[in-house]
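Heads up: the structure comes next, in structure tokens.
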Amino acid sequence: MALAQEIDDGLRARAVPERAAAEKAYLKSALDHYGVPMPAIRSAVLATLAGRELGHDDVVALVRALWAVPVHERRMAAVEVLTARTDHLVADDMPLLEQLLRESRTWALVDSLAASVVGPLVEREPALGETLDRWAADEDFWIRRSALLALLLALRRGAGDFERFARYADAMLPETEFFIRRAIGWVLRDTARKRPDMVFEWLLPRASRASGVTLREAVKPLSEAQRAQVLAAR
């Protein structure tokens with residue numbers, strides 16, 4: 001609680017109050033907002049964590065304490081704590097991460113949690129892929145989006161489980177939800193930066209089923225000829 005309060009004090013000290021209302025409206029947020037820019041949130045967290053040796057239970061307790069108060073910046077700070085200490089997490093923390101994702105209700109929290117926290121944990125604990133399989137069929141589109149984005153960072157590096165992503169994306173291509181369509185496109189785009197031919201071969205026969213939102217992102221790294229073929233196939 002003392003560390004959570006220290007971070008909260010740091011957030012308040014860095015607040016730009018005139019940002020608060022605009023940010024709350026932009027995110028359509030039900031949370032309170034201090035009006036702290038993202039770099040300043042990260043700065044407040046890192047300043048508090050600097051030089052402190054936190055064990056697994058300390059990290060989890062700090063995250064829970066920050067998250068418990070319905071303030072957007074506190075929850076963003078909780079995600080930053082998890083990002084900074086991802087190596088402390090274990091497979092048994094997955095239910096907590098799922099709870100945070102379900103309570104997030106905005107890309108501003110979901111995307112970092114899924115990509116930068118869940119993703120590295122799943123890489124270390126491959127058996128958690130079964131959890132992602134369940135998420136990919138969840139009725140909550142934020143959880144489905146999380147299943148996609150949890151695979152992003154590894155695929156961006158030219159590694160990762162493209163087969164699993166492709167299976168999820170293939171099932172989600174018909175969806176009309178913007179945040180699903182955009183996520184599929186983003187992962188394909190970032191994968192294609194290292195492996196454009198693989199993405200092209202997967203995308204071409206599915207172009208007629210993919211949304212414009214998905215295709216606009218996915219084709220960006222492809223060659224001019226590949227882009228033309230995909231867009232013509234649509």
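Each residue takes its place number in the sequence, starting with 1.
Residues L203 and V219 are in side-chain contact: their nearest non-hydrogen atoms beyond the backbone lie under 4.5 Å apart. Between V69 and D8, every side-chain heavy-atom pair lies at or beyond the 4.5 Å cut-off. Annotation: side chain of R52 is in contact with side chain of T48 (closest heavy-atom distance under 4.5 Å). Within the 4.5 Å cutoff, no side-chain heavy atoms of M94 are placed close to those of E98. In this structure the side chain of R156 never reaches within 4.5 angstrom of the side chain of T191, judged on heavy atoms. In this structure, the side chains of L113 and S146 stay at 4.5 Å or more apart for every pair of heavy atoms. Proximity of L101 to V118: side-chain heavy atoms (C-beta onward) are separated by under 4.5 Å at one or more points.
V199 is not connected to W186 by any chain of hydrophobic side-chain contacts under 4.5 Å among Ile, Leu, Val, Met, Phe, Trp and Tyr, and they are in different clusters. In the hydrophobic clustering of this structure, I41 does not group with V16; members are Ile, Leu, Val, Met, Phe, Trp, Tyr whose side-chain heavy atoms approach within less than 4.5 Å, directly or through other members. Residue L46 is not grouped with residue L62 when hydrophobic side chains (ILVMFWY) are merged at heavy-atom distances under 4.5 angstrom, including chains of intermediate members. Under the 4.5 Å side-chain heavy-atom criterion for ILVMFWY residues, a single connected hydrophobic cluster contains both L173 and L155.
Salt bridge absent: E175 and R181 never bring a charged side-chain N and a carboxylate O closer than 4.0 Å. A salt bridge is absent between D161 and R167: the closest approach of a Lys/Arg side-chain nitrogen to an acidic carboxylate oxygen does not fall below 4.0 angstrom. Ionic pairing of R105 and D140 is present here: one or more N-O contacts between side-chain nitrogen and carboxylate oxygen are shorter than 4.0 angstrom.
The local environment of CZ in F178 is crowded, with over 12 non-hydrogen atoms from other residues, nucleotides or ligands closer than 6.0 Å. For CD of E163, the number of neighbouring non-hydrogen atoms (other residues, nucleotides, ligands) closer than 6.0 Å is 12 at most. Heavy atoms of other residues, nucleotides or ligands lying less than 6.0 angstrom from NZ of K194 number 12 at most.
The two residues L153 and A115 come nearest to each other via the heavy atoms CD1-O, 3.3 Å.
Separation of the H72 and H33 ring centroids falls under the 6.0 Å cut-off.
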* Could you walk me through whether D93 and H56 pass the side chain to side chain donor-acceptor pair (under 3.5 Å) test, one step at a time? => CA-CA 10 Å; D93 293 317; H56 168 270; 2.8 Å; yes

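Ring geometry for F179 versus F141: interplanar angle under 30°, hence parallel rather than tilted (30 to 60°).
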